[in-house]
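Order of listing sets the numbers, starting from 1, for every ligand and every atom in it.
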Amino acid sequence: MDDKAKTLYIVIGCDTDPDRQGFIDIIPGNKLSWRGMTEGIPDTKLAVMDIKDSGGKSPVFTWLMRADDQINIIYGAYNWVLENYKGLIEDLEKTGDEIGWHPHFYKHNDKHGIWYQELKDVSWQCRMLESAHKSFGEIFPGKPRSVRTGWLYHNNETMKKLDELGLKIDFSAVPGLRTNPVKKIKFHYNIYDWFSTGKECYHPSEADYRRAAREGERELSILEVPNFTSHSWFWGMVSGFYMAGKMKDPVQIIQAIRKPTFWVSLSAGRKWFSPIIKSLAKELRRPTESDIFFITYFHPDELIENRSKIYNRDNLKRNLKSIINLSDRLEIPHRYIRAEDIPLLISE
Ligand SMILES: [Zn+2]
């Protein structure tokens, strides 16, 4: 079998969130800080320019911009980020990048003065998506076409709403991972469920966003494109124990035993990113002619000086180089693409 016919397509998505408190040293008063975006993104574009794909093209990115209720409450407009940083965004688009959407389901609790993830009020979630989407299109008509939701969250109604709004690609899925709302915790964060999802792209069933439609079920037009994960047993367990601590939920360990899954940012240190590279090598060596879509992610505050010992711009550059070198070694052509290019490349 001639396995050289296949191509590795690399999609680099960035959840363009504000700088995270505790991650970056200086966070000004009651506003959000966007240094990762304004400083980190242009610097990184320059830093990776020389890491070309086999078509001689520099990396392209899919920048997923925040437009949601939190932005609306803090700045008075859903599309504030798009309007305020329009120049920067247009410059990125000129280099071939895509501008997509990263809506968080943040709701504010005035009594406790905190932001939390709204999980129960589905009609609020859908109304919020509708308003934010409309507002996005006022600054960038016809956009967004691609989306990854905040904390990867979905339910059947939010997926249906994105489909109805005309979004072409959702790449929130992280196959094998799930976090559960713990009863004793009142305000939730970081809740999502992709435990049963497989690694192939699919058009979600109206009856269950986590899988393709079965006979008799309606299929949505939007394409779900899963992120690339490693199923290394060791790293899956590392992730399970870490998540058990973070989410205060021992069930995370049981889930990791059932489905060891590891997912990490493109800006993570060599040790942390190596399981992803190993799994990609395995995938590239499979004797099949199907193309491979390698979907990865990072956050802008990982690109500037930060308190973490794991995430930085140099790591991102090195990891990207490792992907290209691996693909070259295996003589598999590689191409950087935007998320919105995926449907055109998938033969149905
Ligand atoms: Zn986010």
Side-chain angles (χ1 to χ4, degrees), residues 11-24 27 31-38 40-41 44 61-75 78-82 84-85 89 92 97-108 114-119 125 128-129 132-133 135-136 144 146-155 158-159 162 167 169-174 177-179 181 187-194 224-227 229 242-243 246-247 263-268 295-304 306-308 310-311 316 339:
V11 178
I12 313 166
C14 172
D15 295 351
T16 316
D17 285 305
D19 306 330
R20 285 165 287 182
Q21 268 180 37
F23 194 84
I24 299 293
I27 299 281
K31 289 266 155 117
L32 301 172
S33 155
W34 300 89
R35 278 186 48 223
M37 178 172 79
T38 57
I41 291 179
T44 304
F61 295 80
T62 301
W63 305 105
L64 304 157
M65 310 305 292
R66 287 286 303 277
D68 52 40
D69 209 49
Q70 186 183 44
I71 300 299
N72 185 38
I73 287 177
I74 295 178
Y75 295 106
Y78 288 101
N79 58 18
W80 182 86
V81 178
L82 299 150
N84 203 53
Y85 298 109
I89 296 169
L92 292 168
D97 293 350
E98 178 186 355
I99 301 306
W101 187 20
H102 182 58
H104 265 268
F105 295 92
Y106 268 122
K107 213 174 187 186
H108 194 255
I114 56 163
W115 294 97
Y116 66 100
Q117 183 181 3
E118 176 58 57
L119 294 171
Q125 292 168 347
M128 191 277 287
L129 288 175
H133 180 265
S135 182
F136 195 121
S146 307
V147 59
R148 178 160 49 215
T149 54
W151 292 313
L152 317 167
Y153 175 79
H154 262 301
N155 58 50
T158 56
M159 190 64 88
L162 293 184
L167 272 294
I169 297 279
D170 178 90
F171 56 131
S172 310
V174 185
L177 290 183
R178 167 172 64 197
T179 54
F187 297 109
H188 293 100
Y189 311 88
N190 202 36
I191 303 295
Y192 54 88
D193 183 359
W194 298 101
E224 182 60 44
V225 184
N227 286 270
T229 51
Y242 170 77
M243 289 306 286
K246 182 175 170 179
M247 304 306 293
W263 186 55
V264 77
S265 164
L266 182 64
S267 75
I295 317 292
T296 183
Y297 87 104
F298 65 96
H299 289 102
D301 58 3
E302 294 160 11
L303 308 173
I304 56 173
N306 63 65
R307 286 184 189 165
S308 98
I310 300 179
Y311 308 105
L316 182 141

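For the Zn ion (ligand 1), the N/O/S atoms of His104 include one lying under 2.8 Å. Put simply, Asp17 gets within reach of the Zn ion (ligand 1), with an N, O or S atom under 2.8 Å from it.
Between Asp19 and Arg35, none of the side-chain N atoms (NZ, or NE/NH1/NH2) sits under 4.0 Å from a carboxylate O, so this pair counts as no salt bridge.
Partner of Phe105 under the side-chain contact (heavy atoms from CB on, under 4.5 Å) criterion, out of Leu119, Asp68, Thr158, Ile191: Thr158 alone.
Pairing each heavy atom of Ala173 with each of Glu224, the nearest pair is N-OE2, 3.0 Å.
Taking the Zn ion (ligand 1) as reference, His102 places its N/O/S atom NE2 nearest.
Considering only residues two or more places apart in sequence or on other chains, Thr149 meets the side chain to side chain donor-acceptor pair (under 3.5 Å) condition with Ser172.
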